[in-house]
Structures are given as C-alpha cells and as structure tokens.
Amino acid sequence: MKKIIKNIFIFFLLLLVAGIIFIAWANYSIRKDSAPFVSYKIAEVPETKTALLLGTGKTLSNGLPNTYFYNRIQAAIDLYKSGKIKYIIVSGDNSTKDYNEPEDMQLALMQYGIPKDHIFMDHAGFRTLDSVVRAKDIFGQTKLVIISQKFHNERAVFLARKNGMEAFGYNANDVNKYAGFKTNMREYLAKAKVYWDLLFGVEPKFGGEKILIP
C-alpha cells in the first residue's frame with residue numbers, strides 16, 4: 001500500500017513539474033514570437049486602417065478606477081491622433097445588463113474627441129481569442145493594430161498571427177507591479193492556454209452578421 005501511495009505521489013509530482021515546464025515554455029515562446037511586432041513607440045507602429053482596443057472594466061471590484069482601462073484609452077487616443085489609424089474596434093465583455101466594456105470604452109474615446117462613427121463596438125469579446133478572431137471574421141480586418149498592455153498584446157498578437165492576420169501591438173502603459181500582481185499571474189496561465197486553444201481549434205463563443213468598416 002505504501003508503495004502504491006509513493007508511486008501516485010511521484011506521478012503527480014512529475015505531472016506538476018511537467019506542467020510548470022510547459023507554462024514556462026509557452027510564455028517564453030509567445031513572448032519571443034511576438035516581440036518583433038509589439039512596441040511602446042508610435043513611430044514603430046505601421047499605418048493601419050483599424051485598431052482593436054481590448055476591453056477591461058472601468059472600475060475595480062473595490063470601486064476604484066482601473067488604471068489598465070484608462071491607460072488603454074490613452075494609448076488608443078494617442079494612436080488615433082497620430083494619424084496611424086482611422087477606426088477603432090472596442091471589444092469586450094457585455095455579459096450582464098450593468099457591465100458593458102465596449103460602451104464604456106466608446107464613451108471614454110468620444111470624450112476625447114474621437115467621432116462615434118469611427119468607433120465600432122464588439123459586445124462579444126468575452127476572451128482575447130474571441131476579440132481577435134471576430135475582428136477578422138465579423139469586421140473583415142486582416143491587418144490591425146491591437147491596443148492593450150504589453151503582456152496582453154504579446155498573447156493577442158500571437159493569436160492573431162496564428163489565425164492568419166497581419167497584427168501589430170501598441171503597448172499601453174502598465175500599472176505598478178504590486179497593483180498588477182494578480183493580473184500578471186493569471187497571464188502566465190492564459191499564455192499556456194493559447195496552445196490548448198490552437199490545438200483543439202477553439203472558436204469564438206458567438207458569431208454574427210458581418211459589420212462593414214469603410
């Protein structure tokens with residue numbers, strides 16, 4: 001009996017080690033492959049008709065403003081006003097009546113002078129995969145600039161390119177390491193899950209009618 005328990009323990013220990021190695025490899029691989037295509041500098045971002053602004057909540061669970069949200073909005077404004085992009089797809093979660101990431105992003109962008117008819121809302125961006133693939137399948141974009149923080153852009157650009165898109169990332173300012181600790185920890189697992197999604201051909205949760213961007 002002791003031998004069986006020992007063997008089970010060894011098996012699960014090896015499984016744990018293998019999992020850690022896979023997560024580390026997946027993170028390294030995605031960062032390495034996406035590195036040439038993501039930047040903090042507008043001058044390094046190619047001129048592209050459309051940008052994809054990835055959503056996050058406007059406020060935190062404690063009611064305080066979410067720095068990730070406002071930094072992404074600022075990055076989108078800077079990119080638009082530079083003339084590098086003409087249109088912005090705001091893609092995020094709208095799973096409940098009182099939570100609407102795309103609408104919050106649209107309103108914030110309009111407050112800074114971006115015309116409403118230059119902003120397209122995708123209410124079914126429940127995951128990064130959904131947002132990226134829907135930008136191609138629903139909005140017809142095969143080339144775009146993705147706007148989010150660097151850690152997020154690495155994954156989004158990688159996914160977009162694996163789905164046949166010419167994608168680049170413009171990095172919004174990050175938050176301090178303490179405030180973003182949980183988010184960064186989740187990102188390690190999210191990058192590993194990218195390979196699972198690619199292996200099993202995971203598709204967006206919702207489809208829909210095509211939306212034409214001029």
Side-chain angles (χ1 to χ4, degrees), residues 27 31 34 38-42 44-45 48 50-132 134-135 139 144-157 159-160 167-191 193 205:
N27 277 262
R31 286 172 183 156
S34 63
V38 299
S39 178
Y40 284 98
K41 299 178 181 178
I42 289 179
E44 295 178 354
V45 177
T48 310
T50 308
L52 172 65
L53 177 57
L54 296 176
T56 187
K58 187 170 67 172
T59 56
L60 301 172
S61 56
N62 59 11
L64 292 174
N66 182 0
T67 307
Y68 283 114
F69 176 91
Y70 290 100
N71 287 357
R72 291 181 198 182
I73 292 296
Q74 187 60 58
I77 292 161
D78 293 343
L79 198 60
Y80 181 86
K81 291 188 174 180
S82 75
K84 285 293 182 88
I85 57 170
K86 294 181 179 178
Y87 301 98
I88 302 173
I89 301 169
V90 291
S91 181
D93 190 350
N94 179 215
S95 55
T96 65
K97 184 179 178 181
D98 300 322
Y99 187 79
N100 194 325
E101 290 177 357
E103 187 175 279
D104 287 342
M105 290 188 288
Q106 181 198 52
L107 292 172
L109 292 172
M110 288 171 61
Q111 286 174 358
Y112 285 89
I114 298 181
K116 187 176 182 179
D117 60 355
H118 283 219
I119 306 168
F120 292 81
M121 289 196 289
D122 176 14
H123 292 98
F126 300 111
R127 295 177 52 201
T128 303
L129 172 69
D130 296 52
S131 295
V132 167
R134 284 174 58 82
F139 294 90
L144 79 168
V145 177
I146 301 172
I147 302 170
S148 188
Q149 275 71 29
K150 182 184 177 183
F151 69 86
H152 196 189
N153 271 343
E154 291 169 340
R155 176 160 53 97
V157 167
L159 275 167
F168 303 87
Y170 179 53
N171 301 331
N173 289 333
D174 212 331
V175 304
N176 67 65
K177 290 183 179 180
Y178 176 76
F181 180 76
K182 286 184 180 179
T183 299
N184 288 313
M185 288 299 101
R186 284 198 302 267
E187 184 62 24
Y188 279 101
L189 297 177
K191 280 188 171 72
K193 193 173 186 303
K205 189 174 182 179

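Just the heavy atoms: all of them, side chains too, but no hydrogens, waters or symmetry mates, feed the values below.
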Tested for side-chain contact (heavy atoms from CB on, under 4.5 Å) against Val90, the lone hit among Met121, Arg72, Glu101 is Met121

Are the side chains of [Y] and [X] in contact, using a 4.5 Å heavy-atom criterion?
X: Leu54; Y: His152; answer: yes
X: Tyr170; Y: Val38; answer: no
X: Phe120; Y: Thr50; answer: no
X: Ser34; Y: Asn153; answer: no

Reported CD1-to-CG distance for the pair Ile73 and Leu53, which is rounded to 0.5 angstrom: 5.0 Å

Distance-only, no hydrogens or angles: does the Gln149 side chain make a donor-acceptor pair with backbone N or O of Asn173 under 3.5 Å? yes

Is there a donor-acceptor pair closer than 3.5 Å between any side-chain N or O of Lys191 and the backbone N or O of Arg31? no

State which residues pass ring-ring contact (aromatic ring centres under 6.0 Å, His included) with Phe139; sequence neighbours excluded, sorted by chain then number. none

Tell me which donor-acceptor pairs under 3.5 Å the side chains of residues 55-62 have, and how far apart each pair is, sequence neighbours excluded?
unit_1: Thr56; atom_1: OG1; unit_2: Asn66; atom_2: ND2; d: 3.3
unit_1: Asn62; atom_1: OD1; unit_2: Leu64; atom_2: N; d: 3.0

Please check if the number of heavy atoms outside Lys193 that lie under 6.0 Å from its NZ is greater than 12. yes

Heavy atoms from other residues, nucleotides or ligands near OH of Tyr188 exceed 12 (cutoff 6.0 Å): no

Which pairs of donor and acceptor atoms, one on a side chain in residues 103-118, lie under 3.5 Å apart (sequence neighbours left out)?
unit_1: His118; atom_1: ND1; unit_2: Tyr80; atom_2: OH; d: 3.0
unit_1: His118; atom_1: ND1; unit_2: Lys86; atom_2: O; d: 2.9

